[in-house]
Structure formats: C-alpha cells, structure tokens
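In each ligand, atom 1 is the first atom listed, and ligand 1 is the first ligand listed. The structure displayed is predicted, hence computed values, not measured ones.
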Amino acid sequence: MKPENAPAILFVCLGNICRSPTAESVFRAKVDALKLETPFTIDSAGILGVHEGALADARMRRHATQRGYHLESKSRQVTVADFDHFDYIVGMDKQNYRDLIARAPSAEAKKKVSLLLSYAPELSRSEVPDPYYGGEAGFEDVLDLIEQACDPLLQHILTAQHRK
Ligand code: 4NP
C-alpha cells in the first residue's frame, strides 16, 4: 500500500536486470540520505517479462556494489496497474519511452511517463544505453549517468510536492 501523499516512482528499462534496478537503488540511496518524513515508493520494472523473478545481472551488481549500491530487486514486467499506482514512470531510453506511452491506458497515464536524462540536460545525452551486450565500460557509463540524473529528478519531484 502506498503511503498517503508520498510520491511513487517507477524506473523502467527493457529487461529490468541492468539499468532500472540500478536507478531504483541509486535513487533510493539519495532519498534515504534526505531522511524525509514521508517515505517514497520506489520500484523498477521491465518492458519485457523474460527475466521475471531474476536478480539483476551479475555484471551490473558487481559494478554497482563497487559504488556502494546493493541491487536486491527481482525482475518483473510493467503492468497496466503500474500506471495507476505510480506518479512518475521513468524510462531509460527512447524505445522504453515509446513502449510505455503505447501501454499507458489513458491520456492521464501518458503524462506520467518521462525519460531519465531529460532531468539532466547538461549531460547532453538523451538515453542511458543498454549495457547488456557490451563490455565493462557500459556498466560504468550506466552508473555515471544514473548517479548524475537522479539528483535533478529528486529535486524535480520535491519541488512538485511542495507546490501541492
Ligand atoms: P536492461 O538490459 O534493459 O538494462 O535490463 C537488458 C537486459 C536483458 C535484455 C535486454 C536488455 N534481454 O534482451 O534479455
């Protein structure tokens, strides 16, 4: 059950085993550091359901652990109910964004969908690239981008909360 008035954020990538579990963990660490009164609901999911129930990719977990993030979530697919439950549905790349918009059940639900790097225009990157078929550097790139974009995302959400 979602706490009253607490924002709920869902991070989404293709498989929910690399990028979105990382974003979930990094964002949770940033929220925890603020010691807010109202706890945020933070989760992640995948466009695909092929890795349902699996822990994050071992390479992603290893790179994340080196920066102090312990990825514990298990992969699950995005559901129609997510568009009702979550206030912010944040994709990692443009295809995730398009797939989320296509699955959103209403115009109201479509408004909840955004792209993570849109909150950090100064990075001059629009997507967190899929690291799955690449080398080790790809996992570091994922962490660098997510760490930098989670701060402005959190500020954006806190500002929106204060306006309510
Ligand atoms: P993710 O990476 O979307 O960052 O979790 C991927 C993981 C698995 C697959 C694709 C992307 N896959 O096709 O199995």
Looking at [X] and [Y], would you say the former's side chain and the latter's main chain have a donor-acceptor pair under 3.5 Å?
X: Arg28; Y: Ile42; value: yes
X: Asp84; Y: Ala81; value: no
X: Ser75; Y: Leu55; value: no
X: Asp93; Y: Glu127; value: no

Note to self: Within the 4.0 Å heavy-atom shell around Gly15, which atoms of ligand 1 are there?
What the structure shows: 1 (P), 3 (O), 5 (O)
Next item on the list: Report, in ascending order of atom number, the atoms of ligand 1 lying under 4.0 Å from any heavy atom of Cys18.
Entry: 1 (P), 2 (O), 4 (O), 5 (O)
Check: Applying a 4.0 Å heavy-atom criterion (strictly less than), which segment of Asp57 is in contact with ligand 1: side chain, backbone, both, or neither?
Finding: neither
Item checked: Part of His51 within contact of ligand 1 (heavy atoms, under 4.0 Å) -> side chain
Next item on the list: Using distance alone, determine whether Arg19 and ligand 1 share an N or O pair under 3.5 Å.
Entry: yes
Notebook entry, point to check: So is there a nitrogen or oxygen of Val50 less than 3.5 Å from a nitrogen or oxygen in ligand 1?
Noted result: no
For [Y], is there an ion pair with [X] - N to carboxylate O distance below 4.0 angstrom?
X: Arg67; Y: Glu140; value: yes
X: Glu147; Y: Lys30; value: no
X: Arg61; Y: Glu72; value: no

Could you tell me the residue and atom name of the protein heavy atom closest to [atom], and the distance to it rounded to 0.1 Å?
atom: atom 11 (C) of ligand 1; result: Asp130 OD2, 3.1 Å
atom: atom 13 (O) of ligand 1; result: Tyr133 OH, 3.8 Å
atom: atom 9 (C) of ligand 1; result: Tyr132 CD2, 3.8 Å
atom: atom 1 (P) of ligand 1; result: Cys13 SG, 3.5 Å

Notebook entry, point to check: Which option out of Leu14, Asn16, Val12, Asp93 puts a heavy atom nearest to atom 10 (C) of ligand 1?
Noted result: Leu14
Next item on the list: Find out whether the Lys NZ or Arg CZ of Arg59 is both under 6.0 angstrom from the six-membered ring centre of Tyr132 and within 45° of the ring's axis.
Entry: yes
